[in-house]
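Presented below is the structure to which this report refers.
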Amino acid sequence: MDDDLILLGHGSGGTLSHRLLDDLIVATLSGHGPGEQNDAALLAAGETRLAFTTDGYVVDPPVFPGGTIGSLAVHGTVNDLAMMGARPLWLSCALIIEEGFSRSQLAAILNDMRQAADAAGVRIVTGDTKVVPRGKADRIFITTSGVGVLEHDLAIHGANARPGDRIILSGSMGDHGIAVMSAREGLPLEGLCSDSAPLWDLVEQMLDEAGEGIRVLRDPTRGGVATTLKEIAGQSGVTLQLEEDQLPVHPQVQGVCGILGLDPLYVANEGKLLAIVAPELAEALLARMQRHHLGHRAAIIGTVEAGEPGRVRMRTTVGGMRVVEMLAGEQLPRIC
């Protein structure tokens, strides 16, 4: 393999993505190490703390069960802000449109985007539009940036996990990735939709319940739950212990993954979060989350241990122990 070539797997969120980021992109542009990388940057404007994030969306197809590339762009960006404990306020929107794309489909995507922004309580305040020749893109790509404000003095960061903490997942794994794949391949999966949703309202209730007991928040998008937990374990220098029988998975997602040889742990989500919290607050926080419509299937899925830094392992349903590694390549390309 030619090490000079960018591969599809470099966009997976897994091992190849991290190498590209750490060795080239982040190293060249900012020099921040892996331990400093979170879902958004924290900035100070006088006495006000702000969060700032940006993301690109290349999902194929642009319309899928439960959403469109427009609503996904809003949800993904506001969620990155929410994972820093920031209330999302403003978004930008940059469109790259391929010549020949339907005006009516563009209108539908933009309407979906506006409705998602209104529902999330954010305003789209600036943007840009480019059109490229036919065959030079794939219908439509969207890049969004977001700004949010931290209304507290909490420090929520990927390096904060401590031995004894509990790991909470807010709902079933892999719904988004499998829904997009089913639309792309024409697979009829009745009742299964993307979980794409804005998470700030849930996060705000969690902050009210547990406050400084919330150490880490992350939304497990590309690379899924497994890859996100590997990132946290590395940042915090701890071992994470998962319990397979506590992992929530939709039966249809489990079935499709079983047929195709996929692992739900590595399939993308767009409306779920991982929280690492102080042990004495975990049960009360879980109960609060389960009363919210976006957390009704929330579960405590594991614990933080003072073991080998960066290690994630899982006790399987048959009693064995499995080492959970970061996604190596690309299971499902173009899902966000």
Does a side chain donor of either [X] or [Y] reach within less than 3.5 Å of an acceptor in the other side chain?
{"X": "T68", "Y": "D112", "value": "yes"}
{"X": "R218", "Y": "Q235", "value": "yes"}
{"X": "S194", "Y": "S196", "value": "no"}
{"X": "D80", "Y": "T77", "value": "no"}

From the list L43, L81, L42, side chain to side chain contact (heavy atoms under 4.5 Å, CB included) partner of F52 resolves to L43

Among L294, L274, L202, which one satisfies side chain to side chain contact (heavy atoms under 4.5 Å, CB included) with S170? L202

Electrostatic pair E270:R222 at N-O distance under 4.0 angstrom: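 No, this pair does not count.
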
Charged N to carboxylate O under 4.0 angstrom, D245 versus R315? no

Has the side chain of [X] got a donor or acceptor atom that lies under 3.5 Å from a matching backbone atom of [Y]?
{"X": "E244", "Y": "T317", "result": "yes"}
{"X": "S71", "Y": "G67", "result": "no"}
{"X": "S182", "Y": "A179", "result": "yes"}
{"X": "H296", "Y": "H293", "result": "yes"}

Any side-chain heavy-atom pair of M181 and V256 under 4.5 Å: yes

Looking at E283, E209, E204, which one forms a salt bridge (Lys or Arg N to Asp or Glu O under 4.0 Å) with R288?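 The residue from E283, E209, E204 that satisfies salt bridge (Lys or Arg N to Asp or Glu O under 4.0 Å) with R288 turns out to be E209.
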
